[in-house]
Amino acid sequence: MRAVVFSRYGDESVLELTRRPAPAPAEGEILVEVMAAGVNPVDWKHREGAVRSDRPFPLGMGWDVAGVVRATVAGGPAVGEAVYGMLPLPYGGAYQELAVLPVSAAAPKPDRLSYAQAAAVPLAALTAWQALEAGGVDSGQRVLVHAGAGGVGHFAVQFARHFGAHVTATASARNLDFLSRLGVDEPIDRATTDLSTTEPFDIVLDTVGGLVQQASWRLLRPGGALITLPEPLDEAHRLPGITARRVVVAPDGQALGRIGALIDSGAVHVEVQLVLPLEEAAQAHRISKAGRVRGKLVLGF
Ligand SMILES: NC(=O)c1ccc[n+]([C@@H]2O[C@H](COP(=O)([O-])OP(=O)(O)OC[C@H]3O[C@@H](n4cnc5c(N)ncnc54)[C@H](OP(=O)(O)O)[C@@H]3O)[C@@H](O)[C@H]2O)c1
């Protein structure tokens, strides 16, 4: 099978499109013919060595797949069924024609979506879902999503709306209309608006880290929740009375089933900025690392 792998940590040039033996599913795993693979910032972080596994080189790349089941387990999806899912971290292996994943990590592909759109969903949407759950999202709450136009952000704003929250989200000026179309109540230009003058929030979702994480503590009401994704909490800025934690996404086929139902109902839109061929995985990494993607990048096979 064709596969993108890498044999040392480094820049985009370490990515190699090659031929590898097909992976063999272990107990509890299904084999999927990959039609499209999602691209996430963790992919280039893995390539650079910031995310490491105990497996030897060459290492596979990517965690998001949409495709067709080619081998299954008792009680799993039928051979020939269209599925989508997220491989468990830290073992990549989605940028390849055949991928294995635990049956519990897959769900039926939403009917409404193409394979490319479906591959854009799992890791980013599960992150948004699990982060909001960790924050205890509830109807009527005020939720702030930083980088609301990004991969995680554009799912988070729509899920928060679905749960009945009042949603504020930050983006660059060029993405403010996009946020409105996603149902964001208060789209905020991150370059010109001082968030410290806004009414306090019940939940702040930090998808950026650094100064954004530091500033987020003071945007919360007492008893509010700060959920951060890119990096560990900077304890030096902790404020008493705020619940804070970093969420690390985990595969969850059941949640993907619920998310798929929301997508099929039309309640959640999946934004794909660009689909590139597998041969252009390095270019996909360059674009992702530049940090300006609206929605998602996908590799089509
Ligand atoms: N812990 C976990 O399990 C987990 C899971 C998923 C993701 N993550 C991490 O969370 C982060 C976000 O992931 P993602 O997939 O959403 O990334 P992404 O899609 O690449 O995010 C791109 C968006 O970020 C916005 N942005 C860039 N710089 C910004 C800044 N300084 N302030 C505010 N917004 C900024 C851009 O919006 P504008 O162009 O509108 O400014 C762009 O739309 C990454 O670091 C990723 O590794 C962690």
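Just so you know, residue 1 is the first one in the sequence shown, and it goes up from there.
Using modelled atom types and a 3.5 Å distance limit, the side chains of Asp43 and Tyr95 yield a donor-acceptor pair. With hydrogens and angles left out, the side-chain atoms of Asp234 and His237 include a donor and acceptor closer than 3.5 Å. A side-chain donor from one of Asp54 and Tyr91 sits under 3.5 Å from a side-chain acceptor of the other. For the residue pair Asn40 and Lys296, a side-chain donor N or O sits within less than 3.5 Å of a side-chain acceptor on the partner. Checking Gln213 against Ser216 by side-chain atom types alone, no donor-acceptor pair falls below 3.5 Å.
Ion pairing between a basic and an acidic side chain is recognised when a charged N comes within 4.0 Å of a carboxylate O; Glu48 and Lys45 show no such pairing. Taking 4.0 Å as the cut-off between side-chain N and carboxylate O, Arg2 and Glu279 count as a salt-bridged pair. A salt bridge does not link Arg70 to Glu81: none of the charged side-chain nitrogens sits closer than 4.0 Å to a carboxylate oxygen. The pair Arg161-Asp185 counts as a salt bridge, with a side-chain nitrogen and a carboxylate oxygen less than 4.0 angstrom apart.
Atom CZ of Arg258 is surrounded by 12 or fewer heavy atoms from other residues, nucleotides or ligands within 6.0 Å.
Under a 3.5 Å cut-off, the side chain of Arg142 and the backbone N or O of Pro200 do form a donor-acceptor pair. Side-chain N or O atoms of Ser265 include one that pairs as donor or acceptor with a backbone N or O of Ala267 at under 3.5 Å.
Taking a 4.5 Å side-chain heavy-atom cut-off between Ile, Leu, Val, Met, Phe, Trp and Tyr, the cluster of Leu31 extends to Met1, Leu98, Val100.
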